[in-house]
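Side-chain atoms are counted along with the backbone in the values below, which use heavy atoms only and exclude waters and symmetry mates. Along the sequence shown, the residues carry numbers beginning at 1. What you are looking at is a predicted structure, and each value in this text was computed from that prediction instead of being measured.
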Amino acid sequence: APKKKGGKKAKAGKAAAVVDAILPEDMGKDQLEEHIVRLREELDREREERNYFQLERDKIHTFWEITRRQLEEKKAELRNKDREMEEAEERHQVEIKVYKQKVKHLLYEHQNNITELKAEGTVSMKLAQKEHRTQETELRKDMRTLKVELKEQELANEVVVKNLRMKQEEEITRLRSDFERQVKEIEAKYDKKMRVLRDELDLRRKTEIHEIEERKNGQINTLMKNHEKAFSDIKNYYNDVTLNNLALINTLKEQMEEMKKKEDHLEKEMAEVLLQNKRQTEPLQRAREEVAELQKKLAHYEKDKEALANTKARLKVTQKELKDLQWEHEVLEQRFSKVQAERDELYQKFTKAINEVQQKTGFKNLLLERKLKALSNILEKKEVQLNEVLSASNLDPSALTMVTRKLEDVLDSKNNTIKDLQYELARVCKAHNDLLRTYEAKLTAFGIPLDNVGFKPLETTVMGQTLGQGPAGLVATPT
């Protein structure tokens, strides 16, 4: 892949050289600088790609090494398992050969001593039958007691599970009611705060509007007074002008005849002067009004500005408080949902653990019962075969001792089998107890006190034995 990209880059460089159509020797300073910058960018890009591909190569190499080591480990485990299977098969074949030789030897001895062991065999058979009957009755009693204890344990577990479910449902309803009550109280509290804040803001707004209206009315009154004063000044001015004109007319009556020719001209000039005065008074009046209005606005501008800044600050504080309250509400809702999820997860784990313990215990008990039945059937078959052999042969003392020795060997093997079954039972009980301790540790880790569970876990024990504190796989063989 890098070679292909390098090839593409070379082609791109050639294309750029063709586009430039100028050799490096013929380029100017600016063109050489641009060419150098472009070459440096290509060099940096090539270095980045080289580092990236090196990292990818190292990553793939490490993955390959890890996979190769795992493959070698699995192959070694497979070879060990094959070797163990071959050794077990060889041991099994050797044991079969030994048992076949023993059977042949016993048959040979039985054929030689069949007439001598008949009488004594009947007596030993009766004694053995009595012992086997007593052992069988004891085993059946033990089986009945084990079954009764198993049923009691199952009933106790069912009652405990029911009680725990009821208590958990009550706790869930209580927590739900508490959270709903808290949410309602918070909503009522902040609704009340919002109403009080809204009333305060309405009151402030009304007072500010009232102040603004009062200022507006004052400005209107002052404007009206100024307009009346200006109107009276203009009126007095024109009255003075007219009086002066009348006086001038009285003084010039004598010259009226001489000035008649000029009268029309003077009247025209008078009309023009009056028109100019009117034109000049209107802009003057507007300018005076604008000056007065600007002075009033300037007087109240600072006050309005300060009131607006205070209102904006209060609005920002109110909005911030509202956002904080909304954030607290969302945080409470998230905590409530998280607590619900943890409760559901804990309940599911507890139910799953109880079901697994029940299934494992039932399965182990079923296996032990089947093994015990199989052993009892084998024992009955062996007793029948022995009875037939002894009834069909007359045994002498030496042959009887041999038969009793063989019988003792068989009994020892049966006792060893019983001990193995007891060891298996002890291991299962220890596993059950370890699971209960793990359950208690998990409850402590989740912050749930053991007193709030509502029941005490039932620990299983083995009659006449004490289980250690180690793992279930390290239970010692009972002696």
Q | salt bridge (charged side-chain N to carboxylate O under 4.0 Å, His left out) contacts in which one or both residues fall within residues 197-210, not counting sequence neighbours | A | D202-R205, E208-R314
(Q) Taking salt bridge (charged side-chain N to carboxylate O under 4.0 Å, His left out) as the cut-off, I'd like each qualifying pair that reaches into residues 84-102, sequence neighbours left out, listed once. (A) none
Partners passing salt bridge (Lys or Arg N to Asp or Glu O under 4.0 Å) against [X] (at least two apart in sequence or in another chain):
X: E333; answer: none
X: E65; answer: R68
X: R195; answer: none
X: R57; answer: none

At what distance, to the nearest 0.5 angstrom, does [atom1] of [X] lie from [atom2] of [Y]?
X: F53; Y: E56; atom1: CZ; atom2: CD; answer: 8.0 Å
X: L421; Y: E424; atom1: CG; atom2: CD; answer: 8.0 Å
X: I172; Y: R165; atom1: CD1; atom2: CZ; answer: 12.0 Å
X: D412; Y: K419; atom1: CG; atom2: NZ; answer: 8.5 Å
X: L201; Y: L197; atom1: CG; atom2: CG; answer: 4.5 Å
X: L32; Y: L39; atom1: CG; atom2: CG; answer: 10.0 Å

Using the test side-chain contact (heavy atoms from CB on, under 4.5 Å), find all partners of [X] that sit at least two apart in sequence or belong to another chain.
X: V37; value: E41
X: I212; value: R215
X: I36; value: R40

Q) Do NZ/NE/NH1/NH2 and the carboxylate oxygens of K184 and E180 come within less than 4.0 Å? A) no
**Q.** Cationic N near anionic O, under 4.0 Å, R174 to D178
**A.** yes
(Q) Tell me every residue that passes ring pair (Phe, Tyr, Trp, His ring centres under 6.0 Å) with F363, counting only those two or more places apart in sequence or in another chain. (A) none
Q | ring pair (Phe, Tyr, Trp, His ring centres under 6.0 Å) contacts in which one or both residues fall within residues 158-186, not counting sequence neighbours | A | F179-F336
Q) Quick one: ring pair (Phe, Tyr, Trp, His ring centres under 6.0 Å) pairs with a partner in residues 56-100, sequence neighbours left out? A) none
Q) Below 4.5 Å, heavy atoms only, C-beta onward: do K141 and R144 meet side chain to side chain? A) yes
Q. Are the side chains of T173 and E169 in touch, meaning some heavy atoms are under 4.5 Å apart?
A. no
Q: Please check if atom CZ in R181 has more than 12 non-hydrogen atoms from other residues, nucleotides or ligands closer than 6.0 Å.
A: yes
Q: Run the numbers on E48 and R45 for salt bridge (charged side-chain N to carboxylate O under 4.0 Å, His left out), then give the verdict.
A: CA-CA 5 Å; E48 290 177 358; R45 189 164 58 250; over 6 Å; no
**Q.** Pair D434-K430, side-chain contact (heavy atoms from CB on, under 4.5 Å): steps then yes or no
**A.** CA-CA 6 Å; D434 291 340; K430 185 66 176 63; 2.6 Å; yes
